[in-house]
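One structure below.
Note that the structure is predicted; figures quoted are calculated from it, not measured. Chain identifiers are assigned alphabetically (A, B, ...) following the order of the sequence lines, protein sequences preceding nucleic acid strands; residue numbering begins at 1 within each chain.
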Amino acid sequence: MSDAASDKNTALMEKIVSLCKRRGFIFQSAEIYGGLNGCWDYGPLGAELKRNLKDYWWRKNVQEREDILGLDGSILTHQDVLKASGHVGGFSDPMCDCLLSKARLRADQIEPLSGTAFHYTGASHEESDWSVDRPFSVLIWGNQDENKARKTAKQYYAQFLSDKQIAPKKLELSGESSEELTETTKYNPDNGSLLTEPREFNLMFKTHMGASADDGDESAVAYLRPETAQSIFVQFKNVAETNRVKLPFGIAQIGKSFRNEINPRNYTFRSREFEQMEIEFFCRAEDGLALTDEWLERRLTFYEEIGIPREHLHVLDIPDGERAHYSQKTYDIEYEFPFGIQELEGVAYRGAYDLTKHKEHSGKPLDFFDDETKEKLIPHVVEPSAGCDRTILALICEAYDEETVTDEKGKEETRTVMRFSPRMAPVKVGVFPLLKNKPELVAKAREVQAMLTPHMNVFYDETAAIGRRYRRQDEVGTPFCVTIDFDTLGESGDELKDTVTLRHRDSMEQERISIAELRNFLLDAIA
RNA sequence: GCGGGUAUAGCUUAGUGGUAAAGCCCUAGCCUUCCAAGCUAGUUAUGUGGGUUCGAUUCCCACUACCCGCUCCA
């Protein structure tokens with residue numbers, strides 16, 4: 001991305017963030033106390049939008065399917081569940097920092113080096129009577145010169161100089177010694193500088209169960225779940241036994257998960273608390289790969305149905321070596337956010353890994369008896385796992401649009417429109433009396449509002465000029481507005497009596513529609 | 001976690017070591033017969049905590065949050 005494009009996208013993102021706050025989609029969590037890093041609250045419109053997304057996902061993936069069942073697991077999670085899944089112990093990456101460049105490296109990905117290490121105890125500068133005492137080491141390897149080690153060490157000690165006028169090369173190193181090392185991972189392969197000791201970064205939130213539990217009581221430890229998937233695996237047996245299921249079948253869940261992200265970024269995209277929409281689709285081993293492809297297509301269709309066109313999505317086929325070790329196939333579905341192409345959902349073929357692990361750790365039989373083949377097996381699983389908040393952010397970014405409109409006097413102005421699909425739009429229809437000081441119009445508008453309210457989210461507004469009310473609805477993405485005018489009351493004759501103006505958000509076009517037809521028209525449009 | 005930047009009203013911005021300004025928005029009233037009209041009135045702000053000072057929104061320090069670049073994303 002060029003700098004100019006990057007600036008433009010940053011500006012776009014700022015406008016989106018500003019609109020989200022102004023119109024009540026998303027607020028910073030605990031804003032009046034200075035905010036809570038990586039946490040966000042959905043305001044009234046955001047809550048509606050999110051509910052629409054989750055409801056539609058649930059309808060499509062649970063209610064309209066005979067082969068997928070719903071689950072709503074607890075967020076507090078037994079530590080043994082996460083030991084079995086590998087999250088305790090394995091869910092943290094030991095990291096090292098380069099003492100010279102401050103680069104952060106994953107300890108397990110450092111290339112082992114063999115060479116000569118030069119150790120120092122400190123450095124000084126005679127003329128200014130400055131000195132520093134702290135150990136440092138540099139590794140040189142291959143045919144690198146010893147002087148490279150000294151130069152690197154001087155650069156390291158130079159960061160402690162308060163007077164930046166002194167050049168690193170004028171420093172005197174003290175206590176030089178050397179040793180031969182083989183296959184060491186304590187040095188940065190880029191510059192030979194010593195690294196810090198590996199430090200653990202556990203990404204899970206840990207807590208203690210029981211009011212009297214003290215922090216040292218290991219048996220009282222519980223975690224906030226880092227993904228919704230585990231409760232599905234853990235409840236696999238209960239769901240399967242209580243529901244007369246046969247392979248293939250799925251268990252679906254929508255719920256909150258928590259990860260102590262080192263670095264939350266990009267608005268709500270990487271949050272510490274987030275909601276997932278996951279399916280674990282259990283199947284026979286031989287069907288796994290084909291079902292993974294099938295689910296990928298089905299999920300792409302879903303995104304189109306909620307208003308994210310295929311051409312703004314990217315499918316990443318995760319290559320060998322980059323997938324989790326138990327996965328034979330993983331697709332990432334990515335969206336073109338203004339801040340870059342980022343993942344919305346992963347569709348992963350996880351084999352029998354999860355159920356096998358829980359069977360081992362719990363000692364309970366998690367085998368499934370396949371009536372068709374008359375054999376016991378551990379089902380394989382395909383996991384379409386979508387980020388709910390990420391999808392909301394994608395919907396918002398996709399919907400945001402500015403267009404220039406010219407009024408009757410030829411004056412140009414910018415119209416901000418959220419082009420949500422009617423299905424996802426937080427408010428489905430605005431109902432307005434043309435004028436608020438005419439009681440007949442107001443009464444009729446209230447009637448229309450009352451008729452529609454049981455079926456959809458309706459917004460009634462009688463303040464300000466009609467045009468302003470339309471624009472206000474444009475900015476929150478309301479797809480339709482209806483206006484009750486004097487024709488509705490029959491002033492222009494019976495032909496127009498009980499008809500209203502129906503105004504379309506995207507085209508700004510208006511048409512007459514009878515009140516009798518209104519409900520069904522709108523229900524069809526938002527289905 | 002590192003480096004850089006930012007923080008004034010709901011939003012966008014101005015300004016000042018001594019009463020904080022404007023536009024938009026919003027609220028109420030009047031008016032108004034279809035795309036941000038007009039008039040009147042009104043609400044709302046210097047992120048948090050220290051320090052310097054007679055006095056700090058302004059200067060200094062720390063913290064917090066957000067943005068950008070690294071890093072990371074099982």
Taking rU33(B), rC35(B), rG69(B) as options, the one with an atom nearest any side-chain atom of Leu434(A) is rU33(B)
Ionic contact status for Lys50(A) with Asp389(A), cut-off 4.0 Å: yes
Choose from rG3(B), rC35(B), rU33(B) the nucleotide whose nearest atom is closest to any side-chain atom of Met508(A). rC35(B)
Can you tell me, in whole Å, how much space there is between the P of rC39(B) and that of rU57(B)? 36 Å
With Tyr326(A), which residues qualify under ring-ring contact (aromatic ring centres under 6.0 Å, His included), at least two apart? Tyr353(A)
Among rC67(B), rC35(B), rG10(B), which nucleotide sits nearest the side chain of Glu14(A)? rC67(B)
Give the table of side-chain donor-acceptor pairs shorter than 3.5 Å for residues 435-445 of chain A, with sequence neighbours excluded, one pair per line with atom names and distance.
residue   : atom : partner   : partner atom : Å
Lys444(A) : NZ   : Glu447(A) : OE1          : 3.4
Lys444(A) : NZ   : Asp498(A) : OD1          : 3.2

What pairs with Glu398(A) under side-chain contact (heavy atoms from CB on, under 4.5 Å), at least two apart in sequence or on another chain? Pro309(A), His312(A), Tyr335(A)
Base, sugar-phosphate, or nothing: which does Asn37(A) touch, judged by heavy atoms less than 4.0 Å apart? sugar-phosphate
Side-chain (Asp461(A)) to main-chain (Thr463(A)) donor-acceptor, under 3.5 angstrom: yes
Side chain of Asn437(A) - closest among rU32(B), rU33(B), rC67(B): rU32(B)
What residues, two or more places apart in sequence or in another chain, satisfy side chain to side chain donor-acceptor pair (under 3.5 Å) together with Lys21(A)? Glu31(A)
Given the P atoms of rC26(B) and rU46(B), what is the spacing between them in whole Å? 23 Å
Mind checking the C1' distance from rA22(B) to rU16(B)? Whole angstroms is fine. 16 Å
If we take the C1' atom in both rC70(B) and rG10(B), what is their distance in whole Å? 35 Å
Phosphate OP1/OP2 of rC68(B): any Asn266(A) side-chain N/O under 4.0 Å: yes
Could you tell me whether Glu475(A) and Arg22(A) have a side-chain N and a carboxylate O separated by less than 4.0 Å? yes
Between Leu441(A) (CG) and rC34(B) (P), how many Å, whole number? 12 Å
Let's see if you can work this out: which of rG69(B), rC34(B), rU33(B) has an atom nearest to the side-chain heavy atoms of Phe486(A)? rU33(B)
Stems of at least 3 consecutive Watson-Crick or G-U wobble pairs (donor-acceptor distances under 3.5 Å) involving RNA chain B, listed by first number, are B:1-7 with B:64-70, B:10-13 with B:21-24, B:26-30 with B:38-42, B:47-51 with B:59-63
Just to be sure I understand the rule, does Gly38(A) reach a base, reach only the sugar-phosphate, or reach nothing, if contact means heavy atoms closer than 4.0 Å? sugar-phosphate
5'-most contact on RNA chain B: Phe269(A) or Glu491(A), nearest heavy atom basis? Glu491(A)
Could you state the interatomic distance from CG (Asn266(A)) to CG (Leu393(A)), rounded to the nearest 0.5 Å? 8.5 Å
Nearest to the side chain of Arg265(A) - rC67(B), rU33(B), rG69(B)? rG69(B)
CG of Leu194(A) to NZ of Lys186(A): how many Å apart, nearest 0.5 Å? 8.0 Å
ring-ring contact (aromatic ring centres under 6.0 Å, His included) partners for His504(A), two or more places apart: Phe480(A)
Nucleotide N/O to protein N/O under 3.5 Å, stretch nucleotides 23-30 of chain B:
residue : atom : partner   : partner atom : Å
rC25(B) : OP1  : Arg468(A) : NH1          : 2.8
rC25(B) : OP1  : Arg468(A) : NH2          : 3.2
rC26(B) : OP1  : Arg472(A) : NH1          : 2.4
rC26(B) : OP2  : Arg468(A) : NH1          : 3.3

Sorted by chain and number, sequence neighbours left out, salt bridge (charged side-chain N to carboxylate O under 4.0 Å, His left out) with Arg415(A) holds for Glu403(A), Asp474(A)
With rounding to whole Å, what would you report as the distance between rA65(B) and rC60(B) at their P atoms? 22 Å
What's the gap between rC31(B) and rG38(B) when it is taken at their C1' atoms, as a whole Å value? 8 Å
Write out a two-atom table: protein N or O, nucleotide N or O from nucleotides 4-7 of chain B, distance below 3.5 Å.
none

Among Glu278(A), Glu345(A), Glu383(A), which residue satisfies the salt bridge (charged side-chain N to carboxylate O under 4.0 Å, His left out) criterion with Arg299(A)? Glu345(A)
Please pick, from rC34(B), rG10(B), rC68(B), the nucleotide with the shortest atom-to-atom distance to any side-chain atom of Tyr470(A). rC34(B)
Can you list the residues that meet the ring-ring contact (aromatic ring centres under 6.0 Å, His included) rule with Phe269(A), with sequence neighbours excluded? Phe337(A), Phe339(A)
Round to the nearest Å and state the distance from Asp485(A) atom CG to rC35(B) atom C1'. 14 Å
RNA chain B: 5'-proximal contact among Glu413(A) and Trp40(A) (nearest heavy atom): Glu413(A)
Is the closest basic N to carboxylate O distance between Glu511(A) and Arg503(A) below 4.0 Å? no
Could you go through nucleotides 44-51 of chain B and list every protein N or O atom that sits under 3.5 Å from one of its N or O atoms, giving the distance for each pair?
none

Would Arg419(A) pass as a cation-pi partner of Tyr400(A), given that its NZ or CZ must be under 6.0 Å from the six-membered ring centre and within 45 degrees of the axis? no
On a plain distance test, is the side chain of Arg415(A) in donor-acceptor contact with the base of rC35(B) below 3.5 Å? no
Over how many whole Å does the gap from Ile484(A) atom CD1 to rC34(B) atom P extend? 15 Å
Donor-acceptor pair (no angle test) under 3.5 Å: Gln28(A) side chain, rC66(B) base: no
Integer angstrom distance from the C1' of rU12(B) to that of rG18(B): 28 Å
Under 4.0 Å between any heavy atoms, over every strand shown, what does Ser18(A) touch: base, sugar-phosphate, or nothing? Just pick one. sugar-phosphate
Gap between atoms CG and P, on Asn263(A) and rG69(B) respectively (whole Å): 11 Å
Taking the minimum atom-to-atom distance to the side chain of Gln510(A), which one of rC67(B), rC34(B), rU33(B) wins? rC34(B)
All ring-ring contact (aromatic ring centres under 6.0 Å, His included) counterparts of Tyr267(A), not counting sequence neighbours: Trp40(A)
Would you kindly check whether a donor in the side chain of Tyr267(A) faces an acceptor in the base of rC66(B), or vice versa, at under 3.5 angstrom? no
